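Note that the structure is a prediction, hence the values are computed from the model and not measured. Throughout, a chain's letter reflects where its sequence line sits, starting with A, and its residues are numbered from 1.
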2 protein chains.
Amino acid sequence: MATDVTITSAGEWADTVACCGLATSPVTEQDADRLAPMFKALGDPVRLRLASLIASAPEVCVCELTPAFDLSSATISHHLKTLRDAGLVESERRGTYVYYRVRPRALAALAALVSPG
Amino acid sequence: MATDVTITSAGEWADTVACCGLATSPVTEQDADRLAPMFKALGDPVRLRLASLIASAPEVCVCELTPAFDLSSATISHHLKTLRDAGLVESERRGTYVYYRVRPRALAALAALVSPG
DNA sequence: GTGTTGATTCGATAACCATCGAGACAGGAG
DNA sequence: CTCCTGTCTCGATGGTTATCGAATCAACAC
């Protein structure tokens, strides 16, 4: 599939999310359907660490991520795809290597939801 | 970190979480194992809406939550237990009814992780 | 005690998911 | 071109989960 420098899937909408506060007003059914997959993507210890590693630098090569886990590269690739499909990260191939970086607005949408008042 | 003694469920530990920023420093394997279940609990549209409904008031009776969904009360009860086991909410029975409220520090731990800088 | 209503647990089922090995694809080196 | 290395996809498999009806438990009214 065409790799995404120009994004795909979920995540775009995040820019337009109403914002603010699980508490302030109950999230709508539609918003829940769109936000839940992002939480779900972070709901696995491996993916949470992957996201964290990616977020701790402007971008990170897959070749640095794979050896950080005791898992096959197929599994890591699968988890990275899950994070990408959720709109949390994006990837770009440059030559032999593939680099991942976070989509800050997606994370911001989550933060807004779960932040107090 | 003084790991959790005799806890009702997860979530207590959240009070002692180091804090701050998926990005600032990569989350440890142990932290990931404890934080991921909280994200996972919010990773279902029904549970996200339940958490939102509970968070939008000081406390909410199950008898108000159940009719808000087109699901059996068994299913709602199951989802509430998932949220409770994740440490995101707590419940109290008063007479005939059971009331749920959020555990703000648990939410704060999530917010800290996913918030910028 | 019996009965009623709210909430949870039990057992089953269908759908989903994490993981792997094997294979395919992409890009560079010789 | 042929190899080699990095990444992804495919197919299979064992484990988990969302959902339900039925049964159970808890508190109250009678």
Side-chain angles (χ1 to χ4, degrees), chain A residues 1-5 7-10 29 32-33 35-51 53-54 59-86 88-101, chain B residues 8-10 29 32-33 35-51 53-54 59-86 88-101:
Chain A
M1 85 176 57
T3 353
D4 20 6
V5 169
I7 306 309
T8 68
S9 59
E29 199 169 340
D33 287 340
L35 282 165
M38 302 173 96
F39 283 106
K40 190 178 197 174
L42 294 178
D44 177 278
V46 172
R47 284 194 297 267
L48 190 54
R49 288 177 60 204
L50 279 171
L53 287 169
I54 295 169
E59 62 181 10
V60 181
C61 175
V62 174
C63 62
E64 297 179 56
L65 294 172
T66 303
F69 297 83
D70 199 16
L71 293 169
S72 73
S73 68
T75 300
I76 297 298
S77 193
H78 159 74
H79 282 310
L80 288 173
K81 174 170 163 50
T82 301
L83 288 171
R84 221 180 352 158
D85 289 347
L88 293 171
V89 304
E90 60 191 358
S91 65
E92 179 188 352
R93 164 160 239 139
R94 285 204 301 276
T96 307
Y97 301 103
V98 175
Y99 298 87
Y100 278 76
R101 49 181 175 271
Chain B
T8 58
S9 53
E29 199 170 340
D33 286 340
L35 281 164
M38 303 173 93
F39 283 108
K40 189 180 200 174
L42 294 178
D44 177 279
V46 173
R47 285 196 295 267
L48 190 54
R49 288 177 60 204
L50 278 171
L53 287 169
I54 294 169
E59 61 182 9
V60 181
C61 175
V62 173
C63 63
E64 295 178 58
L65 294 172
T66 304
F69 298 83
D70 200 16
L71 294 170
S72 73
S73 67
T75 299
I76 297 299
S77 194
H78 160 75
H79 283 308
L80 288 172
K81 174 170 165 47
T82 302
L83 288 171
R84 226 182 1 186
D85 289 348
L88 292 171
V89 304
E90 58 192 359
S91 64
E92 178 188 354
R93 166 159 237 143
R94 285 203 304 274
T96 307
Y97 301 104
V98 175
Y99 298 86
Y100 277 76
R101 47 181 175 272

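- A heavy atom closer than 4.0 Å to some atom of DNA chain D occurs in B:L71, B:S72, these being the qualifying members of residues 61-72 of chain B.
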Collect all protein-nucleotide pairs involving nucleotides 25-27 of chain D in which both atoms are nitrogen or oxygen and the distance is under 3.5 Å.
none

Short N/O separations, protein against nucleotides 14-18 of chain D, under 3.5 angstrom:
{"from": "D:dT17", "atom 1": "OP1", "to": "B:K40", "atom 2": "NZ", "distance (Å)": "3.1"}
{"from": "D:dA18", "atom 1": "OP1", "to": "B:R47", "atom 2": "NH1", "distance (Å)": "3.4"}
{"from": "D:dA18", "atom 1": "OP1", "to": "B:R47", "atom 2": "NH2", "distance (Å)": "3.0"}
{"from": "D:dA18", "atom 1": "OP2", "to": "B:R47", "atom 2": "NH1", "distance (Å)": "3.3"}

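- Using a 4.0 Å cutoff to heavy atoms of chain A, the contacted part of DNA chain C runs 5' to 3' from C:dC17 to C:dG28.
- Residues B:V89 and B:L50 have side chains not in contact (no heavy-atom distance under 4.5 Å, counting atoms from C-beta outward).
- The distance from atom CD of A:E92 to atom C1' of D:dT7 is 15 Å, rounded to the nearest whole Å.
- The shortest side-chain heavy-atom distance between A:R47 and A:T82 falls under the 4.5 Å cut-off.
- Closest approach of A:V60 to A:I54, counting heavy atoms only: CG2-CA, 3.8 Å.
- Within the 4.5 Å cutoff, side-chain heavy atoms of B:Y100 are placed close to those of B:L80.
- The separation between B:Y97 atom OH and D:dA29 atom C1' is 13 Å, rounded to whole Å.
- Across all strands shown, A:Y100 has heavy atoms under 4.0 Å from sugar-phosphate atoms exclusively, and none from any base.
- Minimum interatomic distance between B:L88 and B:A41 (heavy atoms only, all atoms of both residues): CD1-CB, 3.9 Å.
- Contact annotation: the side chain of A:H79 never approaches that of A:R84 to less than 4.5 Å [non-hydrogen atoms, C-beta and beyond].
- Applying the side-chain hydrogen bond (donor to acceptor under 3.5 Å, both in side chains) test to A:T96 and every residue at least two apart in sequence or in another chain returns nothing.
- Of all heavy-atom pairs between B:A32 and A:R49, the closest is CB-CG, 3.5 Å.
- Among pairs with a residue in residues 66-76 of chain A, those fulfilling side-chain hydrogen bond (donor to acceptor under 3.5 Å, both in side chains) read A:S72-A:T75, at least two apart in sequence or across chains.
- Looking at B:E59 and B:E90, their side chains never come closer than 4.5 Å, going by heavy atoms from C-beta outward.
- Between the A:R93 side chain and the A:G95 main chain, a donor and an acceptor come within less than 3.5 Å of each other.
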